[in-house]
Amino acid sequence: MDQTQLAEPTSTAAMLLNDNGEYLLHLRDNIPGICHPGYTVDAVDYAASALATAARTPPAAGATRFVRCDIERDSLASLRSSYDLIVFRLSYAFLRDRTRVMNRLRERLSPRGTIVVVTPVVDAVPAERREIALDGDEIGLLAAGWRTVERHAAEGLALIVLRDPVRDPVSAAVSFRGKGRPSPHALTGAGVVVTDDAGRVLLGRSVRGVWELPGGKNDGDESFVEAAVRELEEETGLRAETADARLPALLMDSVHGMPRVTAAVRVVAFRGEPAVREPKLIHRWEWHDVCDLPTLASGLFTPSAHVLDVVWPEILPGLPPVHHHALVQRNTHS
């Protein structure tokens, strides 16, 4: 593709994900003021076959550029630096790392731009199709960080219109929440920090409405490192060796008046891809850019926040108090 085509557009620009540009006509006719008649459209899809089909039936009006890009895994260099409109058409629920993807795309939104997410809702799909839809919690997460949010309904679909993102770090600051009173055995455990090749950290979306690291309680005489490696595999399917786990600190705070000790464990090598192994506890796992941690919507589980602060000191402002006991890793090969 001629790279000169990627220059800043002279007219307004729109990005449509999983669509050939025809959907702009529907938006124009049903939501006044959302579409500009002179949009230059980037129709983006990860599948070459879908783009080939779309190219054979382009929309009747407007200039459309077809871009093959997996927005979750590929570089975004092929996209324009600024868009006035970004539309997810029936695709947002299929993104695993949707928080990170949305953060990166809204960085490309013009100051008065709009993001539209068209998605099925869980009440309108069979239980076995739950993964293609968003529930109220996910729609709430999607709306967090925007000053203007509109929701329209049509034939089992929700059309979420997002405008005016919160760009002030203080206004968008992540909060810290607990998950209720634990059982007495929950007073000791480990939080596990794992990162992918790009340096992103793995967090799970808990059924209790918070983000948290992999990890959990010790079993019997199990060490913190052993517990961390076991819990990592049980919760995510990622396999690691205890030799590849580091224990830089023990952290102690209190919950409902009881002491709580959390081991901060850093796993430096693992095998596999993250998957939901305990759906009663975790909705999904996402790789998050570390720079996004201070503005996570809906909050971090407090012990996970403390463990993240061990690996990336001062990345999370306003942490609740904790006793931090730094440890020296014993060299077992000397």
Side-chain angles (χ1 to χ4, degrees), residues 72 92-93 95-106 131 134-146 165-166 169 171-180 182 186 189-196 198-217 228 231-232 234-238 251 253 255 260 262-267 270 273-320 322:
E72 193 167 11
Y92 191 76
L95 297 174
R96 184 182 68 182
D97 295 350
R98 60 190 69 154
T99 305
R100 173 176 58 83
V101 170
M102 179 61 79
N103 284 340
R104 297 294 77 80
L105 288 182
R106 75 177 181 176
E131 72 280 359
L134 298 185
D135 60 15
D137 177 66
E138 288 291 344
I139 291 175
L141 275 179
L142 176 62
W146 300 86
V166 176
S171 302
V174 63
S175 60
F176 309 102
R177 295 167 49 191
K179 298 191 294 183
V192 190
V193 174
V194 290
T195 52
D196 65 6
R200 303 174 186 127
V201 62
L202 189 65
L203 294 177
R205 178 66 181 161
S206 166
V207 297
R208 299 186 183 182
V210 295
W211 294 103
E212 63 183 81
L213 292 167
K217 302 170 242 183
E231 288 282 355
L232 179 65
E234 289 179 359
E235 292 185 349
T236 73
L238 299 181
L251 307 165
D253 64 351
V255 56
R260 174 173 57 189
T262 304
V265 178
R266 179 76 162 97
V267 169
F270 62 89
E273 291 291 332
V276 175
R277 301 285 292 273
E278 296 178 335
K280 293 183 178 180
L281 301 178
I282 296 292
H283 283 312
R284 68 177 187 276
W285 294 101
E286 288 190 24
W287 294 108
H288 289 257
D289 289 321
V290 175
C291 64
D292 291 336
L293 295 180
T295 56
L296 274 178
S298 84
L300 271 168
F301 182 42
T302 301
S304 294
H306 287 145
V307 172
L308 290 166
D309 186 65
V310 171
V311 180
W312 295 284
E314 301 181 2
I315 190 70
L316 296 169
L319 273 173
V322 67

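Residue numbers run from 1 in the order of the sequence given.
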Where do His288 and Val201 land on the side chain to side chain contact (heavy atoms under 4.5 Å, CB included) test, with the steps shown first? CA-CA 5 Å; His288 289 257; Val201 62; 4.3 Å; yes

Tell me, please, which residues at least two apart from Ile282 pass side-chain contact (heavy atoms from CB on, under 4.5 Å).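 Testing Ile282 for side-chain contact (heavy atoms from CB on, under 4.5 Å), a comparison that skips the adjacent residues, returns Ser206, Glu212, Trp285.
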
[X] [atom1] to [Y] [atom2] distance, which is reported to the nearest 0.5 Å:
X	Y	atom1	atom2	result
Glu235	Leu202	CD	CG	10.0 Å
Leu308	Leu293	CG	CG	6.0 Å
Thr295	Leu316	OG1	CG	10.0 Å
Trp211	Glu286	CH2	CD	3.5 Å
Leu281	Lys179	CG	NZ	7.5 Å
Arg177	Arg208	CZ	CZ	11.5 Å

Distance-minimising heavy-atom pair for [X] and [Y]:
X	Y	value
Val194	Leu238	CG2-CD1, 4.4 Å
Leu319	Ala305	CD2-CB, 3.5 Å
Phe176	Gly318	CE1-O, 3.5 Å
Gly178	Val210	O-CG1, 4.5 Å
Ala190	Ala228	CB-CB, 4.0 Å
Val311	Pro313	O-CD, 3.4 Å

Can you name the side chain to side chain donor-acceptor pair (under 3.5 Å) partners of [X], sequence neighbours left out?
X	answer
Asp253	Arg260
Glu234	Arg230
Arg100	Asp97

Distance-only, no hydrogens or angles: does the [X] side chain make a donor-acceptor pair with backbone N or O of [Y] under 3.5 Å?
X	Y	result
Arg98	Ala93	yes
Glu72	Arg96	yes
Asp289	Cys291	no
Thr236	Pro274	no

For residues [X] and [Y], determine if any side-chain heavy atom of one lies less than 4.5 Å from a side-chain heavy atom of the other.
X	Y	result
Thr302	Val255	no
Tyr92	Glu138	no
Val322	Thr262	no
Leu203	Leu213	yes

Parallel, tilted or perpendicular: which describes the rings of Trp287 and Phe270, with under 30° parallel and over 60° perpendicular? parallel

May I ask you to check whether Arg266 and Thr195 show a side-chain donor-acceptor distance below 3.5 Å?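 Yes.
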
Under the ring-ring contact (aromatic ring centres under 6.0 Å, His included) rule, what pairs show up with a residue in residues 295-319, not counting sequence neighbours?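 Every candidate ring-ring contact (aromatic ring centres under 6.0 Å, His included) pair involving residues 295-319 fails, so no pair, neighbours aside, qualifies.
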
Residues at least two apart in sequence or cross-chain that pass salt bridge (charged side-chain N to carboxylate O under 4.0 Å, His left out) with Glu273, listed by chain then number, are none

Does atom CD of Glu131 have more than 12 heavy-atom neighbours, drawn from other residues, nucleotides or ligands, at distances under 6.0 Å?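 More than 12 heavy atoms, drawn from other residues, nucleotides or ligands, come within 6.0 Å of this atom.
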
For the pair Val310 and Leu251, evaluate side chain to side chain contact (heavy atoms under 4.5 Å, CB included) and give the outcome as yes or no after the intermediate values. CA-CA 9 Å; Val310 171; Leu251 307 165; 3.9 Å; yes

Stepwise side chain to side chain contact (heavy atoms under 4.5 Å, CB included) check, Thr99 with Arg205: CA-CA 11 Å; Thr99 305; Arg205 178 66 181 161; over 6 Å; no

